[in-house]
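The sequence lines fix the lettering, A, B, ..., with proteins before strands; numbering per chain opens at 1.
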There are 2 protein chains.
Amino acid sequence: MEKFKELSEEAWQLYLLHVSIDCVVFGFHDFTLKVLLLKGLHDDSWALPGGYIGNEEDIDDSAIRTLKERTGAENIYLEQFRAFGSPNRSEHYFSEFPDTLWHKQRFVTIGYYALVDYTLVLPKPDSISSSCEWKDIENLPSLIMDHKYIIDQALTTLRMQLSHKPIGYSLLPDKFTMPELQKLYEIILGKKLNRGNFYRKMMGYDILDKLDESRKSGGAHKSPNLYRFNKEKYENALSNGLKESW
Amino acid sequence: MEKFKELSEEAWQLYLLHVSIDCVVFGFHDFTLKVLLLKGLHDDSWALPGGYIGNEEDIDDSAIRTLKERTGAENIYLEQFRAFGSPNRSEHYFSEFPDTLWHKQRFVTIGYYALVDYTLVLPKPDSISSSCEWKDIENLPSLIMDHKYIIDQALTTLRMQLSHKPIGYSLLPDKFTMPELQKLYEIILGKKLNRGNFYRKMMGYDILDKLDESRKSGGAHKSPNLYRFNKEKYENALSNGLKESW
DNA sequence: ACAAAAGTGTTTGGATTACACCCATGA
DNA sequence: TCATGGGTGTAATCCAAACACTTTTGT
């Protein structure tokens with residue numbers, strides 16, 4: 001409570017009133033899609049990492065800034081996807097706070113989704129949160145305000161843009177295996193894909209470099225080959241879209 | 001100038017500071033795609049119809065409100081597509097006005113695009129504009145601030161969503177001809193389409209009702225048949241997407 | 001030997017592309 | 001009769017889906 005009031009003072013000076021940003025940070029690990037969430041200091045609800053916009057700051061830069069603070073990572077793939085502006089988005093949420101509290105004002109929030117390499121991120125809570133963790137998209141905890149809705153919208157956008165944006169490139173580590181790539185596509189699209197066809201299709205796009213290494217996994221199996229996106233080819237291919245007709 | 005100051009007074013009371021909306025209103029007429037623009041009282045630059053958000057108003061409702069004021073039409077197809085938040089979007093534009101002027105504050109604007117039946121719209125200027133007119137998308141006049149950029153972004157979004165949103169349905173009058181429909185698609189996609197294939201594809205979707213009328217055009221040609229979208233079928237078809245693979 | 005990974009083959013069906021042809025019709 | 005619109009035919013091609021078979025390889 002005191003923490004909020006303390007931050008409120010300077011927020012009124014530093015930031016644009018009525019505009020906030022929220023980031024849906026996607027990561028891929030252990031064959032599941034994850035979202036970075038913050039847990040409040042006082043309650044058990046979770047929230048999206050977000051922030052406010054400096055008086056002279058570009059909104060994209062504001063998103064980049066929070067991303068960097070929360071993940072430690074730079075050059076994160078970031079895409080604005082939607083503004084959320086219901087007048088009662090935060091209703092009840094700050095009811096026990098004074099009306100002069102910054103956070104209690106009405107905010108139109110601009111939603112960004114970010115795609116990060118899970119292995120390069122070190123989650124860090126912000127000053128009003130007790131922890132910052134990856135949460136499985138299939139098993140989200142209870143979220144504040146309309147944050148669940150914002151995540152759903154981000155996921156829908158992600159699905160629609162899978163063939164038009166460098167999504168695989170941004171979510172996977174530098175080196176990855178074909179089964180990992182396929183699982184990522186299956187999770188985003190929400191359905192199983194045929195292995196052989198997926199392999200052929202991906203190779204047909206000519207956007208992957210096959211490496212001379214393989215990953216020693218623990219199991220009693222053949223160790224899978226490692227691949228890497230060929231950045232130039234990938235981006236060139238995406239500029240035309242990986243498919244589509246008309 | 002006085003007009004601005006007069007409006008400014010009440011704006012500070014009625015609206016959310018720092019958030020505005022701008023609408024890119026598309027219409028289709030004479031085989032060309034058009035955008036509804038407003039001309040300022042004092043200069044020769046044109047602007048998108050837009051407005052501010054009431055203290056207790058939903059952002060979508062704010063867009064609906066301006067649309068209705070500018071076009072007289074209701075139930076307009078509306079889609080939010082992007083927020084624009086560069087800190088210097090309006091730089092220089094209000095430089096000769098006092099700093100307390102509402103319009104001179106920094107605004108993050110939320111872009112909407114609207115699709116209207118050209119024949120049902122009666123353009124009406126707002127209180128700070130001298131006129132409100134349809135302008136050909138291929139031949140836009142000089143625009144204020146970043147409004148040209150906003151239109152370009154709206155058009156890009158429109159193109160991407162052609163197969164997923166009821167775009168033809170919203171842009172054409174109730175009754176239309178096959179060549180009109182094809183031209184609309186060609187303009188949005190920016191390329192020629194094969195006539196026979198287009199005809200078959202459209203009819204194959206089973207979303208058009210063929211009418212027993214034809215349009216008497218002036219020329220020495222066969223008068224084209226009229227068609228109408230079958231609303232139920234169209235929306236049902238779009239919910240699955242008119243194509244796509246994966 | 002077993003299980004996962006890699007790579008390829010094949011068949012089927014559908015959709016797209018690109019033409020081309022014929023008919024209708026209004027001035 | 002000419003230009004446009006309406007409607008269909010067709011062959012080439014490409015792609016996706018589904019399935020199956022083989023080989024490789026780490027334990």
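Here the two rings, on A:F229 and A:F176, have centers that are under 6.0 Å apart.
A distance of 10.0 Å separates CG of A:L172 from CG of A:L115, quoted to the nearest 0.5 Å. Atom CD1 in A:I167 sits 5.0 Å away from atom CG in A:L162 (nearest 0.5 Å). The structure places CD1 of A:I110 at 11.5 Å from CD1 of A:I150, a figure rounded to the nearest 0.5 Å.
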**Fill in**
Nucleotide by nucleotide, nucleotides 8-15 of chain D touches protein heavy atoms under 4.0 Å in the pattern (B base, S sugar-phosphate only, - none) BBB-----
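Per the geometry, CG belonging to A:L226 stands 19 Å off P belonging to C:dA4, to the nearest Å. A straight line from CG of B:L181 to C1' of D:dG5 spans 14 Å, rounded to a whole angstrom. Spacing between atom CG of B:L193 and atom P of C:dT16 amounts to 12 Å, rounded to whole angstrom units. For B:M202 and D:dG6, the CE to P distance is 14 Å, given to the nearest whole Å. In this structure, A:E213 places its CD atom 17 Å from C1' of D:dG26, rounding to the nearest Å. If you measure from atom CG of A:N194 to atom C1' of C:dT11, you get 14 Å, rounded to the nearest angstrom. Separating the NZ atom of A:K192 from the P atom of D:dA18 is a distance of 14 Å, rounded to the nearest angstrom. Distance B:Y205 OH to C:dG14 C1': 13 Å, rounded to the nearest Å.
Of all the residues in residues 173-180 of chain A, not one reaches under 4.0 Å from DNA chain D with any non-hydrogen atom.
With contacts defined as side-chain heavy-atom distances shorter than 4.5 Å, the pair B:C23/B:T66 qualifies. Side-chain contact between B:D174 and B:R228: present, with at least one pair of heavy atoms (C-beta onward) separated by less than 4.5 Å. With contacts defined as side-chain heavy-atom distances shorter than 4.5 Å, the pair A:K165/A:Y77 qualifies.
With the nearest nucleotide of DNA chain C identified for both A:Y227 and B:S214, A:Y227 has the one nearer the 5' end.
B:S129 pairs by the side-chain hydrogen bond (donor to acceptor under 3.5 Å, both in side chains) definition with B:D126, not counting sequence neighbours.
Comment: A:K148 engages A:D152 in a salt bridge, judged by a side-chain N to carboxylate O separation of less than 4.0 angstrom.
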